[in-house]
Amino acid sequence: MLQLKSIKYNTLYICWGALFLLTVILGLAFPVAHGALKVVLRIISVVFFLPPWMILMKAKQDQNEKHRRLVRHLSLASLIATLVLLILNLRSVGYSEAMGAALHAALTIVSAPMVCSNLYALPIFLWACLLMGSIGKLKSK
């Protein structure tokens with residue numbers, strides 16, 4: 001099993017936050033990408049999920065319920081907010097352009113890896129994997 005004892009939770013959260021910020025910026029800067037840039041954006045979007053996965057694995061190794069619950073709550077919040085904003089985006093067809101732009105900006109912030117990669121299924125699947133991996137009680141040592 002992967003040894004994460006030497007890595008601090010704060011370091012993992014900082015990496016996750018930096019990747020979140022990077023995917024938001026790239027998602028806003030390149031709403032439509034082609035060629036090599038498209039591949040790079042997709043790789044960055046997948047790498048976005050490594051720090052929370054490492055947090056989850058470290059929490060399971062350390063039997064740390066607090067960090068496991070935090071990953072679960074963030075994954076659930078992201079999935080629910082993404083679903084709501086996707087539905088609102090679809091429903092906003094025919095409304096003003098400003099409304100559509102505001103909803104798209106909110107979606108970019110809520111589900112940055114999805115918008116950055118221009119993929120919907122993969123980031124939602126990875127959020128769901130994090131959610132499923134964080135469900136349940138930790139076993140006592």
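Values below: every heavy atom of this structure, side chains too, minus hydrogens, waters and symmetry copies.
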Are side-chain heavy atoms of Val115 and Tyr120 found at a separation under 4.5 Å? no

Indicate, with yes or no, if Ile25 and Leu22 share a hydrophobic cluster defined by side-chain heavy-atom contacts under 4.5 Å among Ile, Leu, Val, Met, Phe, Trp and Tyr. no

With no hydrogens and no angle check, is any side-chain donor or acceptor of Lys58 less than 3.5 Å from a backbone partner on Ile7? yes

Which heavy-atom pair separates Ala59 from His67 by the least distance, and what is that distance? CB-CB, 4.0 Å

Distance check, rounded to the nearest 0.5 Å: Met114 atom CE versus Cys116 atom SG? 11.5 Å

Would you give the length of the straight line joining atom CG of Leu21 to atom CG of Leu26, rounded to the nearest 0.5 angstrom? 9.5 Å

To the nearest 0.5 Å, tell me how far Leu19 CG sits from Ser45 OG. 9.5 Å

Report yes or no: does Lys38 contribute a side-chain atom to a donor-acceptor pair with the main-chain N or O of Val32 at less than 3.5 Å? no

If every non-hydrogen atom of Ile55 is compared with every non-hydrogen atom of Tyr9, which pair is closest and at what distance? O-CE2, 4.0 Å

Gap between atom CG of Asn10 and atom SG of Cys15 - 0.5 Å precision: 11.0 Å

Let me have the donor-acceptor pairs involving side chains of residues 69-85, under 3.5 Å, with sequence neighbours excluded, atom names and distances please.
| residue | atom | partner | partner atom | Å |
| --- | --- | --- | --- | --- |
| His73 | ND1 | Arg69 | O | 3.2 |
| Ser75 | OG | Val71 | O | 2.8 |
| Ser78 | OG | Trp127 | NE1 | 3.3 |
| Thr82 | OG1 | Ser78 | O | 2.7 |

Heavy-atom closest pair, residues Asn118 and Pro31: OD1-O, 2.8 Å

Measuring from atom CG of Leu103 to atom CG of Leu86, what distance do you get when rounded to the nearest 0.5 angstrom? 10.5 Å

If you take all heavy atoms of Phe49 and Pro123, which pair is closest and at what distance? CZ-O, 3.6 Å

Tell me the closest heavy-atom pair linking Gly27 and Thr108, and the distance in Å. C-CG2, 4.4 Å

For Arg42 versus Ser117, what's the shortest heavy-atom pair and its separation? NE-O, 3.0 Å

d(Leu88 CG, Tyr95 OH) to nearest 0.5 Å is 9.5 Å

Quick one: does Asp62's side chain have a donor or acceptor within less than 3.5 Å of a partner on Asn64's backbone? no

Quick check: does any side chain N or O of Ser111 sit under 3.5 Å from a backbone N or O of Leu107, one acting as donor and the other as acceptor? no

Ring pair (Phe, Tyr, Trp, His ring centres under 6.0 Å) partners of His104, counting only residues at least two apart: none

In terms of hydrophobic clusters joined by side-chain contacts under 4.5 Å, are Leu130 and Ile14 together? no

